[in-house]
Participant: 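One structure follows; several queries about it will come next.
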Amino acid sequence: MPQEAFVRWSKTLIPTMKEVPADAEIPSHQLMLRAGLIRQLMAGSYSYLPLGWRALRKAEAIVREEIEAAGGIEIHMPALQPIDLFERTGRREAFGNVLFQWEQRRGGGRVQFALGPTHEEVVTDLVAKHISSYRQLPINLFQIQTKFRNEERPRFGVLRTSEFLMKDAYSFHATVESLNETYKAMYRAYCRIFARCGVEYLPVEAESGPIGGDASHEFMCPANNGEDRIVHCRKTGYAANLERADTGRVQPSLETSADAKPITKLHTPNVGSIEAVCKFLKCKPPRMIKTLIYSADDKAVAVLIRGDHEANEGKIRRALGVTKLEMATPEVILQVTGAPVGFAGPVGIKCPIIADHDIPLIFNAITGANEGDHHLTNVNVGRDYVLEKTFDLRNAAAGDPSPKGEGTLELVHGIEIGHVFKLGTKYSVSLEAYFSDEKEQRHPIIMGCYGIGVNRIIAALAETKNDENGLIWPLSVAPYEVVVIPLQEEATVVDAAESIYTQLQEAGVDVLLDDRAQRAGVKFKDADLIGFPLRVVIGGKGLQEGLIELKWRTAIEPIKVPVAEAMATIMKQLADRRAEEAASVPS
RNA sequence: CGGGAUGUAGCUCAGCUUGGCUAGAGCGCCUGGUUUGGGACCAGGAAGUCGCAGGUUCGAAUCCUGUCAUCCCGACCA
């Protein structure tokens, strides 16, 4: 961070709040507001005040350093983009309402604009125009820039906003091997970035699109208020987005159990949902077979899922080998089941059936009777319905075996702070970014893309690193590393504080002087709330004994040092703490 | 977009059920004084078209209708 004019509390804008604003619910939002880091303009739009902006810029600087070390070349592309580019990649429709777009008069005509939600189109177009030979590849271009997304529902303070700072990098390659190499380098850079910022992170396997395999990883910060759900196995280290996670189960026996009770039809008037049936029959959802009717490439198919599980449409699509999958209409359901919605079951249904691995394990199951207002009980595999094999068709759940063969999965919430993705040639083909190889053969350029939500690094830190007194910053991204607090307004105290403050400033330490005419309690409370890593207190009493006081935000007790040794001690402690933080950064 | 809640001073909120004089409190802010190592005290003061519009009424922060905004749950989220 560049050296800047001395900053005194009284000359900057740090509007701390004693009370919790009514609109903020989660800790990061409340604390960032109370500590005076941000202020809301409207839903999903926040101003970054001096402290918040400083933290954000420090995180940004770390991101820039590491991406450059990984071979990234910084550019800056316009947020304002022609809608035409999104038409060409089909993403105008894919983004839908998320894309900010409008039409405006210009010259004699009308132009259609969009605000960039991300820059695959713009960067691919740029590369298409200027790269034509394998000799120019690979190249890795990145920028740190404001992105715009018309989120249907911005929420959680600064965690989900319609305008945010993103580092987006795009790599271009002649070969998949080259892509894999850059992917690995960026993956490593991401680990270093999050470690340096002091934010906990967990790389998880994510939906990978057309390339498959290990083509996509999300970097999650485990947090109770995170919007994403991930499964994690402590024993094997397996971690994946819930959408994507394998469950590690195997196909069970499809034979009818010997002591199966005879099948029985029950009258269940107006009781359609799983919940309602359970209440009516006084049973638990794991004994129910949920029969979901889908239209798969326009053909009806029944998907059997245990009552307490969630169907995973991606897995169903893959098991069926279809591209189009949607819930069937009530008409189709009536046709294949002979009953209104809510009473479907596998027994006697007039369409193909596929079942999740857990279905045959339900002994004496309860399911719809394919007849209005009726359910069947004691339904058993083999005797009452036949399956050739079973599939993994549902979201993983806590307690499932890890796909790595040992250990069990647990479910945790996470804040997505980064995403690396092997794109392949989707954008290069649609935007005609081709290169010629050494034999003059033309190929679409192979791409990777890599995003980091810089605001989310700060928000994730605020969300996960705090205590009842306020925020707790690591040195690396703290708005200021040190706050110097003179407790009285007597000249001796003020002079001593000014002296330390000036020396720290000259030594390159990021320091703020709390020169307000406030009582000690107010200054201490604010310092804790904001979470400056180190607090230097100069008070009349201590000064009489020739002592000043150092207190780390994370420490319980302060350290008292003679004035003459203060600078040396502070510098030493800062160096130690920096080394400590650096030790957690992977090489 | 469906469901729920809330809009009164910079912040937190009371007042609204049962309409009635000049709309209140605490914190913050300004002035003066006393204080001074963990969100001080006393005295005085500034600050609000009660979200907005319409309606009912002699009279509306309060009742009715509409509208806007914000928050929460859900749907959505390259």
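Letters A, B, ... are given to chains in the order of the sequence lines, protein chains preceding strands, and every chain is numbered from 1.
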Participant: Using a heavy-atom cut-off of under 4.0 Å over every strand shown, decide if A/Arg92 touches base, sugar-phosphate, or nothing.
Facilitator: nothing
Participant: Just call it for A/Arg39: base, sugar-phosphate, or nothing, with non-hydrogen atoms closer than 4.0 Å on any strand.
Facilitator: nothing
Participant: Between A/Met166 and A/Met42, name the one whose nearest nucleotide on RNA chain B is closer to the 5' end.
Facilitator: A/Met42
Participant: Using the test ring-ring contact (aromatic ring centres under 6.0 Å, His included), find all partners of A/Phe113 that sit at least two apart in sequence or belong to another chain.
Facilitator: A/Trp102
Participant: Counting only non-hydrogen atoms, which of residues 542-551 of chain A are less than 4.0 Å from RNA chain B?
Facilitator: A/Gly542, A/Glu549
Participant: Applying a 4.0 Å non-hydrogen cut-off, can you work out what A/Ala22 is touching in the nucleic acid: base, sugar-phosphate, or nothing?
Facilitator: sugar-phosphate
Participant: Counting heavy atoms from C-beta on, name the nucleotide in B/G37, B/C11, B/C27 closest to the side chain of A/Met17.
Facilitator: B/C11
Participant: Send over the distance from A/Ile485 CD1 to B/G39 P, rounded to a whole Å.
Facilitator: 14 Å
Participant: Would you indicate what A/Phe86 reaches in the nucleic acid, counting non-hydrogen atoms under 4.0 angstrom: base, sugar-phosphate, or nothing?
Facilitator: nothing
Participant: Assess whether a salt bridge exists between A/Arg88 and A/Glu121, defined as any Lys/Arg side-chain N lying under 4.0 Å from an Asp/Glu carboxylate O.
Facilitator: no
Participant: For residues 528-543 of chain A, which side-chain N or O atoms pair as donor and acceptor with protein atoms under 3.5 Å away, sequence neighbours left out?
Facilitator:
none

Participant: So what does A/Val98 touch, heavy atoms closer than 4.0 Å: a base, only the sugar-phosphate, or nothing?
Facilitator: nothing
Participant: Any N or O donor-acceptor pair linking the side chain of A/Arg535 to the base of B/G38 at under 3.5 Å?
Facilitator: yes
Participant: Any ion pair linking A/Glu310 and A/Arg394 (charged N to carboxylate O, less than 4.0 Å)?
Facilitator: no
Participant: Give me the ring orientation class for A/Phe219 and A/Phe194: parallel if the planes are under 30° apart, tilted from 30 to 60°, perpendicular past 60°.
Facilitator: tilted
Participant: Round to a whole Å and report the spacing from CD of A/Gln81 to P of B/A78.
Facilitator: 17 Å
Participant: Considering every strand and a 4.0 Å limit on heavy-atom distances, what is the contact class for A/Asp528: base, sugar-phosphate, or nothing?
Facilitator: base
Participant: What verdict does the side chain to side chain donor-acceptor pair (under 3.5 Å) test give for A/Ser162 and A/Asn150, after you've listed the backbone C-alpha separation in whole Å, the side-chain angles of each residue and the deciding distance to 0.1 Å?
Facilitator: CA-CA 5 Å; A/Ser162 29; A/Asn150 183 33; over 6 Å; no
Participant: Can you list everything that forms a ring-ring contact (aromatic ring centres under 6.0 Å, His included) with A/His119? Sequence neighbours excluded, please.
Facilitator: none
Participant: So A/Pro21, base contact, sugar-phosphate only, or nothing? Heavy-atom distance under 4.0 Å.
Facilitator: sugar-phosphate
Participant: Dot-bracket for RNA chain B, 5' to 3', with Watson-Crick and G-U pairs under 3.5 Å, [ ] for crossing pairs and | for other-strand pairs: what is it?
Facilitator: (((((((..((((......[...)))).((((((.....)))))).....(((((..]....))))))))))))....
Participant: Tell me every residue that passes salt bridge (Lys or Arg N to Asp or Glu O under 4.0 Å) with A/Arg317, counting only those two or more places apart in sequence or in another chain.
Facilitator: none
Participant: Among B/U12, B/G39, B/C73, which nucleotide sits nearest the side chain of A/Glu19?
Facilitator: B/U12
Participant: Using the closest heavy atom to pick a nucleotide of RNA chain B for each, name whichever of A/Phe524 or A/Gln518 lands nearer the 5' end.
Facilitator: A/Gln518
Participant: When the distance from CG of A/Asp23 to C1' of B/G51 is rounded to whole Å, what number comes out?
Facilitator: 13 Å
Participant: State which of B/A78, B/G39, B/C72 makes the closest approach to the side chain of A/Arg91.
Facilitator: B/A78
Participant: Side chain of A/Glu152: nearest nucleotide among B/A75, B/G37, B/C11?
Facilitator: B/A75
Participant: Check whether any side-chain N or O of A/Gln40 sits under 4.0 Å from OP1 or OP2 of B/C71, and answer yes or no.
Facilitator: yes
Participant: Under a 3.5 Å distance rule, please check whether A/Arg34 uses its side chain to pair with a backbone N or O of A/Met17 as donor and acceptor.
Facilitator: yes
Participant: Among B/G39, B/G37, B/A78, which nucleotide sits nearest the side chain of A/Leu529?
Facilitator: B/G39
Participant: Give a yes/no on whether any side-chain N or O of A/Arg155 is located under 4.0 angstrom from OP1 or OP2 of B/C73.
Facilitator: yes
Participant: Between B/G37, B/G38, B/A75, spot the one nearest the side chain of A/Arg153, thanks.
Facilitator: B/A75
Participant: Please give me the minimum heavy-atom distance between A/Gly451 and A/Tyr190, naming the atom from each residue.
Facilitator: N-OH, 2.9 Å
Participant: Counting side-chain heavy atoms from CB outward, which of B/C29, B/U36, B/C71 is closest to A/Gln488?
Facilitator: B/U36
Participant: Rounded to whole angstrom units, what separation is found between the CD atom of A/Glu25 and the C1' atom of B/A5?
Facilitator: 10 Å
Participant: Separation of A/Gln30 atom CD from B/C72 atom P, in whole Å?
Facilitator: 11 Å
Participant: Is the backbone of A/Thr425 close enough, under 3.5 Å, to the side chain of A/Ser428 for a donor and an acceptor to pair up by distance?
Facilitator: yes
Participant: Please report, rounded to the nearest Å, how far the P atom of B/U34 is from the CZ atom of A/Arg519.
Facilitator: 15 Å
